[in-house]
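Heads up, the thing below is written out as structure tokens.
Letters A, B, ... are given to chains in the order of the sequence lines, protein chains preceding strands, and every chain is numbered from 1.
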Amino acid sequence: GAVVSQHPSWVICKSGTSVKIECRSLDFQATTMFWYRQFPKQSLMLMATSNEGSKATYEQGVEKDKFLINHASLTLSTLTVTSAHPEDSSFYICSALGLDADEQYFGPGTRLTVT
Amino acid sequence: ILNVEQSPQSLHVQEGDSTNFTCSFPSSNFYALHWYRWETAKSPEALFVMTLNGDEKKKGRISATLNTKEGYSYLYIKGSQPEDSATYLCASDLGSGGSNYKLTFGKGTLLTVNP
């Protein structure tokens with residue numbers, strides 16, 4: 001149980017285009033999901049907290065107009081990187097808060113490369 | 001300590017060796033410490049969540065201890081096997097009186113077990 005999927009697993013896009021990444025909880029409902037990114041040789045850094053049916057909460061330094069988060073259902077949150085630039089190239093990974101709210105279950109991540 | 005620090009960065013051991021690594025975290029406003037096991041191309045897998053000073057948890061050959069007063073946790077692997085090869089992440093939840101679900105991760109310890 002507690003499986004989280006992400007799609008796509010990797011994506012290459014051109015500078016200036018937008019990319020959408022999906023995060024799904026497959027066997028449980030998640031009112032809260034989280035988006036992280038990891039730059040090479042760095043730790044996972046929390047970008048935003050996504051709550052079903054409400055606006056996401058962004059961490060300091062993360063542009064909410066650039067990283068659009070939608071959590072329209074209890075099993076799906078999406079992250080859209082708008083007008084992507086090469087510096088947005090990173091590994092993006094989501095997690096979903098478990099039913100007992102004691103543990104976050106992670107997806108396998110999405111490698112984004114902006115050319 | 002302001003950040004979550006893990007040491008060593010990487011570790012090579014022989015099959016059958018026992019090993020351990022360290023996670024240091026800020027001791028103020030502490031709520032919980034999480035350990036994850038992350039194999040390449042897979043989702044990080046939750047190993048332990050610990051909240052109380054002196055907590056010790058065990059899952060098979062893997063165990064962990066927690067010292068909240070001095071801000072460190074140890075992860076031990078007894079009789080390492082090649083399938084233990086992975087990056088081990090720790091993350092602190094600095095929610096003080098209750099979880100705020102915001103995890104601050106270390107950079108991880110990459111363990112390679114040679115057959």
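Here the shortest heavy-atom pairing between A:Glu103 and B:Tyr36 reads OE2-OH, 2.7 Å. Here the shortest heavy-atom pairing between B:Pro44 and A:Gly107 reads CD-O, 3.6 Å. Residues A:Pro108 and B:Ser43 share a closest heavy-atom pair of N-OG, 3.1 Å.
Identified by a heavy-atom distance below 4.5 Å to chain B, the contributing residues of residues 38-50 of chain A are A:Gln38, A:Lys41, A:Gln42, A:Ser43, A:Leu44, A:Leu46, in residue-number order. Near-neighbour residues of residues 88-96 of chain A relative to chain B, defined by a heavy atom under 4.5 Å from a heavy atom of that chain, comprise A:Phe91, A:Ile93. Along residues 58-72 of chain A, the residues that come nearer than 4.5 angstrom to chain B, judged on non-hydrogen atoms, are A:Glu59 in order of number. Heavy-atom neighbours of chain A within the stretch residues 59-68 of chain B, taken at a separation under 4.5 angstrom, are nonexistent.
Linking Ile, Leu, Val, Met, Phe, Trp and Tyr whenever their side-chain heavy atoms come within less than 4.5 Å puts B:Phe25 and B:Tyr88 in one cluster. If you chain together hydrophobic residues whose side chains sit under 4.5 Å apart, A:Met33 and A:Tyr36 never meet in one group. Linking ILVMFWY residues whenever their side-chain heavy atoms come closer than 4.5 Å, directly or via other members, places B:Val4 and B:Leu47 in the same cluster. A chain of hydrophobic side-chain contacts below 4.5 Å, direct or via other Ile, Leu, Val, Met, Phe, Trp or Tyr residues, connects A:Leu79 to A:Val11. Under the 4.5 Å side-chain contact rule for hydrophobic residues, B:Leu75 and B:Phe30 share a cluster.
Note: B:Trp38 CH2 to A:Phe106 CZ = 8.5 Å, rounded to the nearest 0.5 Å.
The 12-atom threshold is not exceeded at CD of B:Gln9, counting heavy atoms of other residues, nucleotides or ligands nearer than 6.0 Å.
With A:Gln104 as reference, B:Leu103 is the one residue of B:Asp93, B:Leu103, B:Val49 to meet the side chain to side chain contact (heavy atoms under 4.5 Å, CB included) rule.
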